[in-house]
Student: 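Here it is, the structure, as structure tokens.
Just the heavy atoms: all of them, side chains too, but no hydrogens, waters or symmetry mates, feed the values below.
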Amino acid sequence: MKLRFLPAICICLVIFNYILYNHYYSVNFPYQDDFLLIQFIEAVAEGEIGFKDLVTELFRTFNDHKAVVPRLIALIQYKLIGCLNFRFYIALVSLNVTYIFYFIYLQYRKTKLPLYYFIPAAFLYFQPLYYEISGWALTGMQHSFLTAFTATAVILASQRTNMTLFGAMLCCLLATFTHGNGILSFPAIIVYFLIFKDIKPAIISGAFMVLCLVIYLAGYESGQAVQLPKNLTLFFQSLFGLIGSSMSLWAFPLFSSFVWGAIIVCFLLYVMWQAIGFHFNKLTKIRPGTAELLALFVFILLTSSVIALFRSWAGSTLASRFQIYASLSTVIFYVLLLQYTRLFRRQTVFYTVTLLSVFYCLYSYYKFTGIVANRRTTYLADVYNWKHNRNMLSVEETITKNGAFYLNPGYEKGFFKLPDAIVERYQLDSMFRAPVKTGLNNQLYVEDWRVERAVRNGVEKLTYSYVASNAFPQRKPLSVDRFLILKNRDTGVFHLACANPKVEARKQILTAGHYFKPGFNTLFRQDDLTTGTYDLGVLDVANNGQKTFYRLDKSLIADKGYTLQ
């Protein structure tokens with residue numbers, strides 16, 4: 001009897017671990033597009049702003065999207081507590097991601113299969129492949145609310161009443177004004193009705209979609225990232241690659257993602273053909289939950305098509321912020337395989353799939369935790385940088401300069417508040433007063449990487465510089481944040497930057513249990529630091545606040561590049 005609860009306990013533990021992981025690595029700090037919420041609050045919070053102006057600000061286009069729902073959430077939070085909290089938004093994202101999985105579970109439950117068959121779905125879905133969704137406030141809210149609204153619309157549409165049809169249309173409307181791709185939630189509902197040959201609600205849904213699109217296009221401005229692909233081959237590579245990018249963890253990520261995506265699309269289109277075919281063949285039967293899963297997949301397929309159509313010109317579309325759709329596609333694929341093939345219900349096959357899904361989940365945590373940890377440490381460093389210097393190293397200097405007209409007053413007026421800095425200036429002064437030990441060799445080096453970034457008018461050439469050591473300081477635990485401290489000799493100004501080391505090889509992780517290598521590794525863009533000479537130190541900060549400082553034996557010269565002295 002007790003064994004019946006083991007699958008539920010296992011799934012809940014996977015979900016709890018995912019939520020706890022994202023909460024630990026999140027920081028109440030705005031990043032890039034998050035500035036949009038600060039700009040909105042700065043525009044509407046003070047003065048006698050009228051209803052018309054409020055609506056104008058709510059529906060203002062930013063980077064192709066009218067993020068009305070995230071703006072409303074920010075406004076409500078500001079009215080309730082007096083400031084924005086970006087860590088709260090990330091918590092909302094985790095709840096949305098869990099709710100979307102619950103939608104998949106509701107459809108799985110209709111199959112009457114035992115719950116233990118659903119265990120692999122949790123491992124395939126709750127992992128940090130889409131870490132930009134899980135840890136980036138505005139982007140996470142847009143993609144997760146968008147998908148959650150679409151899933152809710154499908155649930156309501158499946159009730160087949162006039163009232164629930166209206167509710168489904170409302171959800172699609174909310175999806176549209178959460179993210180630009182939200183308009184594609186309407187075709188998902190239309191396909192659901194067409195599967196059951198419900199022509200009238202399908203027509204009503206189409207009419208609502210046209211009306212919603214007209215409203216959306218009012219005042220629309222095209223974003224800088226929008227451009228058509230150069231050829232169809234690039235489009236289909238991006239389309240299938242995006243849907244199948246759950247496989248991007250492995251070697252040859254573009255090829256493996258393309259193949260996996262093509263398999264998923266072909267199988268689900270076959271299932272859709274079977275579902276539609278019941279109108280013409282009395283022997284064909286729509287299996288429970290299939291239409292709902294197909295409706296969500298139609299939304300994913302159309303969304304991926306739009307992303308591939310307008311973004312593949314710049315190269316691969318396997319960006320983390322889109323890969324929640326890849327994880328969903330894989331889970332939908334697995335659930336429908338359980339329904340439509342007996343093979344996956346055989347015990348040996350099921351055990352094999354379960355072990356592979358557990359390995360996949362663990363490997364995803366191994367592969368992306370270094371990136372996620374670097375983001376956390378970078379934001380913690382920028383808490384100090386912003387409070388003391390009004391600059392950020394997490395974004396390019398042009399972004400903060402362009403946003404200074406609302407970032408600076410927004411912070412001064414308390415529209416967004418930051419957590420306490422991990423170190424205070426007087427502590428840094430004390431640390432750097434200690435004399436440098438002579439005769440040391442920290443094995444510091446600077447490595448320049450020249451990269452090209454596709455832009456609308458061609459290619460932008462950039463130089464990134466890594467200031468690093470592979471030997472000093474000693475190896476740090478996974479839960480410790482490592483910072484590079486830079487003190488400008490002329491001004492005495494301190495800057496903090498993420499200095500987490502490189503990740504160890506897989507063999508070393510398995511045999512010795514070390515995730516990070518010794519030393520440190522810090523990335524600088526050419527304009528991150530003003531011209532000058534900087535004394536260097538490394539600071540480790542543990543969860544309990546304990547600090548360990550290491551003075552480095554060289555200084556960094558910033559002057560149209562970086563050199564050590």
Student: For atom OH of Tyr445, is the number of surrounding heavy atoms from other residues, nucleotides or ligands below 6.0 Å larger than 12?
Tutor: yes
Student: Under a 4.5 Å cut-off applied to non-hydrogen side-chain atoms, are Gln77 and Leu84 in contact?
Tutor: yes
Student: Regarding Arg450 and the six-membered ring of Tyr464, is the cationic atom NZ or CZ under 6.0 Å from the ring centre and inside 45° of its axis?
Tutor: no
Student: I want to check something: taking the side chain as every heavy atom from C-beta on, are Leu380 and Leu496 in contact at a cut-off of under 4.5 Å?
Tutor: no
Student: Are side-chain N/O atoms of Arg87 and Ser26 paired as donor and acceptor at under 3.5 Å?
Tutor: yes
Student: Does NZ in Lys401 sit with more than 12 non-hydrogen atoms of other residues, nucleotides or ligands closer than 6.0 Å?
Tutor: no
Student: Please, which pairs that meet salt bridge (Lys or Arg N to Asp or Glu O under 4.0 Å) have at least one residue in residues 510-524, sequence neighbours excluded?
Tutor: none
Student: Can you find a heavy atom in the side chain of Tyr99 that is under 4.5 Å from one in the side chain of Phe145?
Tutor: no
Student: Is it the case that Ser257 and Ser248 place a side-chain donor and acceptor less than 3.5 Å from each other?
Tutor: no
Student: Which pairs with one or both residues in residues 357-367 pass side-chain hydrogen bond (donor to acceptor under 3.5 Å, both in side chains), sequence neighbours excluded?
Tutor: Asn17-Tyr365, Gln127-Ser364, Tyr363-Arg506
Student: Both conditions, 6.0 Å and 45 degrees, for the charged tip of Arg375 above the ring of Tyr31: are they met here?
Tutor: yes
Student: Test of understanding: with side chain to side chain donor-acceptor pair (under 3.5 Å), list the residues that count as partners of Thr378, not counting sequence neighbours.
Tutor: none
Student: Assess, by modelled atom type and distance only, whether the side chains of His143 and Tyr325 contain a donor and an acceptor separated by less than 3.5 Å.
Tutor: yes
Student: Would you say Cys10 and Phe123 make side-chain contact, with heavy atoms under 4.5 Å?
Tutor: yes
Student: Indicate whether any N or O donor in one side chain lies under 3.5 Å from an N or O acceptor in the other, for Trp260 and Ser245.
Tutor: no
Student: Once ring pair (Phe, Tyr, Trp, His ring centres under 6.0 Å) is applied, what residue pairs with a partner in residues 501-541 remain, sequence neighbours excluded?
Tutor: Phe524-Tyr562
Student: Would you mind reporting whether Phe35 and Leu138 have side-chain heavy atoms less than 4.5 Å apart?
Tutor: no
Student: Quick one: CD1 on Ile11 to OH on Tyr105, what's the gap to the nearest 0.5 Å?
Tutor: 8.0 Å
Student: Looking only at the side chains, is there a donor atom on one of Thr303 and Asn181 sitting less than 3.5 Å from an acceptor on the other?
Tutor: no
Student: For Asn391, check side chain to side chain donor-acceptor pair (under 3.5 Å) against everything at least two apart and list the hits.
Tutor: none
Student: Would you call Glu42 and Lys413 a salt bridge, taking side-chain N to carboxylate O under 4.0 Å as the test?
Tutor: yes
Student: Would you check, one step at a time, whether the test side-chain contact (heavy atoms from CB on, under 4.5 Å) holds for Leu552 with Asp535?
Tutor: CA-CA 8 Å; Leu552 300 180; Asp535 294 327; over 6 Å; no
Student: Could you give all pairs that pass the ring pair (Phe, Tyr, Trp, His ring centres under 6.0 Å) test and reach residues 466-513, with sequence neighbours left out?
Tutor: Phe432-Phe494, Trp449-Tyr466, Phe472-Tyr550
Student: What I want to find out is whether Arg390 reaches Glu412 closely enough, with some N-O distance under 4.0 Å, to be called a salt bridge.
Tutor: yes
Student: Should Arg525 and Glu397 count as an ion pair when the cut-off is N to O under 4.0 Å?
Tutor: no
Student: Under a 3.5 Å cutoff, is there a donor and acceptor pairing between the side chains of Tyr131 and Thr369?
Tutor: no
Student: Take Ser246 and Thr330 through the test side-chain hydrogen bond (donor to acceptor under 3.5 Å, both in side chains) and record every step on the way to the result.
Tutor: CA-CA 7 Å; Ser246 293; Thr330 299; 3.0 Å; yes
Student: Is it true that Asp448 and Ser465 share a donor-acceptor pair across their side chains at a distance under 3.5 Å?
Tutor: yes
Student: Evaluate whether atom CZ of Phe252 has more than 12 neighbouring non-hydrogen atoms of other residues, nucleotides or ligands under 6.0 angstrom away.
Tutor: no
Student: For the residue pair Asp540 / Thr548, report whether a side-chain donor-acceptor contact shorter than 3.5 Å exists.
Tutor: no
Student: Run the ring-centre check on Phe368 versus Tyr21 and record whether the distance is less than 6.0 Å.
Tutor: no
